[in-house]
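Note that this is a predicted model, so its numbers are computed, not measured. This chain uses plain numbering: 1 for the first residue, then up along the sequence.
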Amino acid sequence: MKTVLIATLALLASAAQAAPKACEELKAEIAAKLDAKGVKGYTLDIVATDQVADQKVVGSCEGGSKKVVYKRG
């Protein structure tokens, strides 16, 4: 019985980690990391995956349907 409980909890934990992240939340987390490293003069934009051209992708959100892209300046 303990084995089944442990397996169920492990499955639930992995499902929670795989949940799609909201784009604004991810963008804020990335901005906080860049700010903490002292990076200045950048913009982060959220774009549809099919609209990413030669931009630098720094995150994926909403189940991979959108990307967070980084641009200097």
In short, V47 meets V69 closest at the heavy-atom pair CG2-CG1, 4.0 Å

Donor-acceptor contact below 3.5 Å, side chain Y70 vs main chain G59: no

Any idea which heavy atoms bring C61 and A22 closest together, and the distance? CB-C, 4.3 Å

Membership question, hydrophobic clusters at under 4.5 Å side-chain separation (ILVMFWY): are Y42 and V68 in the same one? yes

Side chains of I46 and E24: closer than 4.5 Å at any heavy-atom pair? yes

Hits for side-chain hydrogen bond (donor to acceptor under 3.5 Å, both in side chains) against S60, two or more places apart or cross-chain, chain-then-number order -> K67

Quick check: does any side chain N or O of K27 sit under 3.5 Å from a backbone N or O of L44, one acting as donor and the other as acceptor? yes

Could you pull out all residues at least two apart from D45 that satisfy side-chain hydrogen bond (donor to acceptor under 3.5 Å, both in side chains)? none

Measuring only between side-chain heavy atoms, which start at C-beta, is V39 closer than 4.5 Å to K33? no

Residues that E29 engages under side-chain hydrogen bond (donor to acceptor under 3.5 Å, both in side chains), provided they are two or more places apart: K21

